[in-house]
Trainee: 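Once you've had a glance at the structure underneath, I'll fire off some questions.
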Amino acid sequence: MSTLKTLEKQIGDLFKDLPALPKNIKDFLVQVWPYLALIFGVLQLFAAWGLWGLMRVANPYIEYANELNRYAGVQNIGYSSTDKMIIYSGIAILAVNAVIMLMAFSPLKARAQRGWDLLFLATLINVVYGVVQIFISGQGIGSFIMSLLGTAVGLYLLFQVKDMYGSKSKPSSAPTTKK
């Protein structure tokens, strides 16, 4: 966890000199962020489920076509074993990211620091997903660059509202002694 806090400080230093958003936009972001996390968490779960199902359905047909190609002396078609491993890794990353975003809903709604931390973690996981996409045939560096741009915008917005999340001073529950 200390590594994540160190990374948070380093990334925060990159964004501290950028122009600040107006207060009304920050307030709007804080209000809609829980619902955006919920919506995108659900969409990512559906995407991961759909991609997993698509791979399960397509694999037997690809294997059959490859078997026919072997008899004909032609090169295999479709994804290699490495491609499949990378695709399944990407699906797992998508699912983990979705769960983190869904976990962020309640803390974000309560404006707790934990909600902001979960969104920060989900944003970092998005970078990992972008790196995985580089290695999928047909995706390449373009997807990675777009992922980095989206992550940069997300981090900018996150660090703009960071001070609006956290523990508000609560009355102490410990009994006070009068002298």
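Owing to the predicted nature of the structure, the values given are computational and were not obtained by experimental measurement. In what follows, every heavy atom counts, from backbone to side chain, and hydrogens, waters and symmetry copies are set aside. For reference, positions follow the sequence shown, starting with 1.
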Trainee: About how many Å separate CG of Leu7 and CG of Leu124, when rounded to the nearest 0.5 Å?
Mentor: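 Taking CG in Leu124 and CG in Leu7, the distance rounds to 5.5 Å.
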
Trainee: How would you list, by chain and number, every residue that makes a side-chain contact (heavy atoms from CB on, under 4.5 Å) with Leu68, sequence neighbours excluded?
Mentor: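 Leu68: side-chain contact (heavy atoms from CB on, under 4.5 Å) contacts with Tyr64.
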
Trainee: Please tell me whether Leu14 and Leu149 are part of a single hydrophobic cluster in this structure, the criterion being side-chain heavy atoms less than 4.5 Å apart.
Mentor: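 Same cluster: Leu14 reaches Leu149 through Ile, Leu, Val, Met, Phe, Trp or Tyr contacts under 4.5 Å.
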
Trainee: Not counting sequence neighbours, which residues clear side-chain contact (heavy atoms from CB on, under 4.5 Å) with Pro60? List them please.
Mentor: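 Per chain and number, Pro60 pairs via side-chain contact (heavy atoms from CB on, under 4.5 Å) with no residue.
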
Trainee: In this structure, would Ile141 and Val128 fall into the same cluster of hydrophobic residues linked by side-chain contacts under 4.5 Å?
Mentor: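 Yes.
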
Trainee: Looking at side-chain heavy atoms only, is the closest gap between Leu157 and Leu21 below 4.5 Å?
Mentor: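 Yes, their side chains come closer than 4.5 Å.
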
Trainee: Working to the nearest 0.5 Å, report the span between CE of Met164 and CZ of Arg111.
Mentor: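 Met164 atom CE to Arg111 atom CZ measures 5.0 Å (nearest 0.5 Å).
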
Trainee: Please give me the minimum heavy-atom distance between Gly115 and Ala104, naming the atom from each residue.
Mentor: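 Here Gly115 and Ala104 meet closest at O-CB, 4.1 Å.
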
Trainee: So if you build clusters from Ile, Leu, Val, Met, Phe, Trp, Tyr with side-chain heavy-atom gaps below 4.5 Å, do Ile125 and Val153 land together?
Mentor: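 Ile125 clusters together with Val153.
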
Trainee: When rounded to the nearest 0.5 angstrom, what distance separates NZ in Lys84 from CD1 in Ile86?
Mentor: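 These two atoms lie 13.0 Å from each other.
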
Trainee: Please determine whether the number of non-hydrogen atoms from other residues, nucleotides or ligands lying under 6.0 Å from atom CZ of Phe46 exceeds 12.
Mentor: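 For Phe46, atom CZ is not crowded (no more than 12 foreign heavy atoms under 6.0 Å).
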
Trainee: Would Ile11 and Leu148 show up in the same hydrophobic cluster when neighbours are defined by side-chain heavy atoms closer than 4.5 Å?
Mentor: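 Looking at the clustering, Leu148 is in the same group as Ile11.
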
Trainee: Given Phe120 and Leu4, is the side-chain contact (heavy atoms from CB on, under 4.5 Å) satisfied, shown in steps?
Mentor: CA-CA 9 Å; Phe120 179 69; Leu4 195 59; 4.0 Å; yes

Trainee: Taking the six-membered ring for Trp, are Phe15 and Tyr156 parallel (under 30°), tilted (30 to 60°) or perpendicular (over 60°)?
Mentor: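 Taking Tyr156 first and then Phe15, their aromatic rings sit tilted (interplane angle of 30° to 60°).
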
Trainee: Can you measure from CD1 (Ile62) to CD (Glu67) and round to the nearest 0.5 angstrom?
Mentor: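 One gets 14.0 Å once the value is rounded to the nearest 0.5 Å.
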
Trainee: Measure up the Trp49 and Trp52 rings against each other and bin them: parallel (under 30°), tilted (30 to 60°), perpendicular (over 60°).
Mentor: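 Trp49 and Trp52: tilted rings.
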
Trainee: From Gln44 CD over to Tyr129 OH, what is the distance, rounded to the nearest 0.5 angstrom?
Mentor: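 It is 8.5 Å, given to the nearest 0.5 Å.
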
Trainee: Are Val42 and Leu118 connected into the same hydrophobic cluster when the rule is that any two of I, L, V, M, F, W, Y join if their side-chain heavy atoms are below 4.5 Å apart?
Mentor: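 Per the 4.5 Å side-chain linkage, Leu118 and Val42 are not co-clustered.
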
Trainee: Give every donor-acceptor pair under 3.5 Å between a side-chain atom in residues 87-103 and any protein atom, sequence neighbours left out.
Mentor:
from: Tyr88; atom 1: OH; to: Asn59; atom 2: ND2; distance (Å): 3.2
from: Ser89; atom 1: OG; to: Met85; atom 2: O; distance (Å): 2.9

Trainee: Which pairs pass side-chain hydrogen bond (donor to acceptor under 3.5 Å, both in side chains) with one or both residues in residues 31-43, sequence neighbours excluded?
Mentor: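 Counting only pairs at least two positions apart or across chains, the side-chain hydrogen bond (donor to acceptor under 3.5 Å, both in side chains) contacts touching residues 31-43 are Tyr35-Lys109.
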
Trainee: Taking side-chain contact (heavy atoms from CB on, under 4.5 Å) as the test, write out the residues that go with Lys9, two or more places apart.
Mentor: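 side-chain contact (heavy atoms from CB on, under 4.5 Å) list for Lys9, sorted by chain: Asp13.
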
Trainee: Output all residues satisfying side-chain contact (heavy atoms from CB on, under 4.5 Å) with Leu36, sequence neighbours left out; order by chain, then residue number.
Mentor: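 With neighbours one apart ignored, the set is Val32, Phe40.
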
Trainee: Less than 4.5 Å apart, side chain to side chain, heavy atoms only: is that true for Leu155 and Thr151?
Mentor: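 Side-chain contact under 4.5 Å: yes.
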
Trainee: Would you compute the distance between atom CZ of Phe144 and atom CD of Gln133 and round it to the nearest 0.5 angstrom?
Mentor: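 CD of Gln133 is found 10.0 Å from CZ of Phe144.
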
Trainee: Can you name the closest pair of heavy atoms from Ala37 and Leu108 and give their distance?
Mentor: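 Between these two residues, the closest heavy atoms are CB-CD1, 3.9 Å.
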
